[in-house]
Amino acid sequence: MATCVPISELKDSAAFAEKVARAGEPVIVTKNGYEKFVVIDADLFREYRRETPEEHLERLLQEADHDIHAGRVSDMREGLSEIRAKYGL
């Protein structure tokens with residue numbers, strides 16, 4: 001699942017930098033509930049830049065396969081039902 005934080009978290013820059021470093025994925029920064037920008041750890045950025053689009057897709061598919069085999073999956077319909085119940089959609 002993507003890491004998403006409100007823009008107010010940038011006030012504590014040291015804690016925010018640590019969160020970005022630990023995330024292992026791009027961190028989405030929101031303002032008033034809308035995505036404003038994405039922050040990525042420098043090492044991860046360099047890794048992404050080395051990949052071709054095809055290599056990136058292959059890596060994402062491998063990660064998804066590992067998640068499936070590790071049991072880190074959820075039913076989409078259940079997830080959508082929970083979101084609709086929580087936000088009244």
Undergrad: Is there side-chain contact between Y48 and R59, with heavy atoms separated by less than 4.5 Å?
TA: yes
Undergrad: Which distance, rounded to the nearest 0.5 Å, do you find between the NZ of K86 and the OG of S81?
TA: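 K86 NZ to S81 OG: 14.5 Å, rounded to 0.5 Å.
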Undergrad: Hey, mind stepping through R22 and E18 against salt bridge (charged side-chain N to carboxylate O under 4.0 Å, His left out) and telling me if it holds?
TA: CA-CA 6 Å; R22 283 192 325 264; E18 182 61 30; 3.7 Å; yes
Undergrad: Look up atom CG in L10 and atom NZ in K36, then write down how far apart they are to the nearest 0.5 Å.
TA: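 If we round to the nearest 0.5 Å, L10:CG and K36:NZ are 13.0 Å apart.
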Undergrad: On a heavy-atom basis, which atom in H56 and which in E51 lie closest, and how many Å separate them?
TA: ND1-OE1, 3.0 Å
Undergrad: Would a distance-only check, ignoring hydrogens and angles, find a side-chain to backbone donor-acceptor pair under 3.5 Å from E78 to D75?
TA: no
Undergrad: If you count heavy atoms of other groups shown closer than 6.0 angstrom to CD of E35, is the number above 12?
TA: no
Undergrad: Any chance you could lay out the side-chain contact (heavy atoms from CB on, under 4.5 Å) test for I40 and V20, step after step, and finish with the verdict?
TA: CA-CA 6 Å; I40 188 170; V20 171; 5.8 Å; no
Undergrad: Within the 4.5 Å heavy-atom criterion, are L61 and D65 side-chain neighbours or not?
TA: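 SC-SC contact between L61 and D65 ruled out.
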Undergrad: Under 6.0 Å from the CZ atom of R72, do we count more than 12 heavy atoms belonging to anything else shown?
TA: yes
Undergrad: Mind running side-chain contact (heavy atoms from CB on, under 4.5 Å) on V38 and V27 for me, showing each step along the way?
TA: CA-CA 6 Å; V38 177; V27 175; 6.0 Å; no
Undergrad: Could you report the tightest heavy-atom contact between D67 and V73, atom names first, then the distance?
TA: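 Smallest heavy-atom distance, with atoms named: O-CG1, 4.2 Å.
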Undergrad: So, the side chain of E25 versus the backbone of T3: is there a donor-acceptor pair under 3.5 Å, distance only?
TA: yes
Undergrad: How far does CD of Q62 sit from CD of E58, to the nearest 0.5 angstrom?
TA: 4.5 Å
Undergrad: Applying side chain to side chain contact (heavy atoms under 4.5 Å, CB included) between F37 and each of I7, T30, I28, report the one that passes.
TA: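 Single pass found, and it is I7.
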Undergrad: Quick one: does D12's side chain get under 4.5 Å of F16's, heavy atoms only?
TA: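 Answer no - side chains too far apart.
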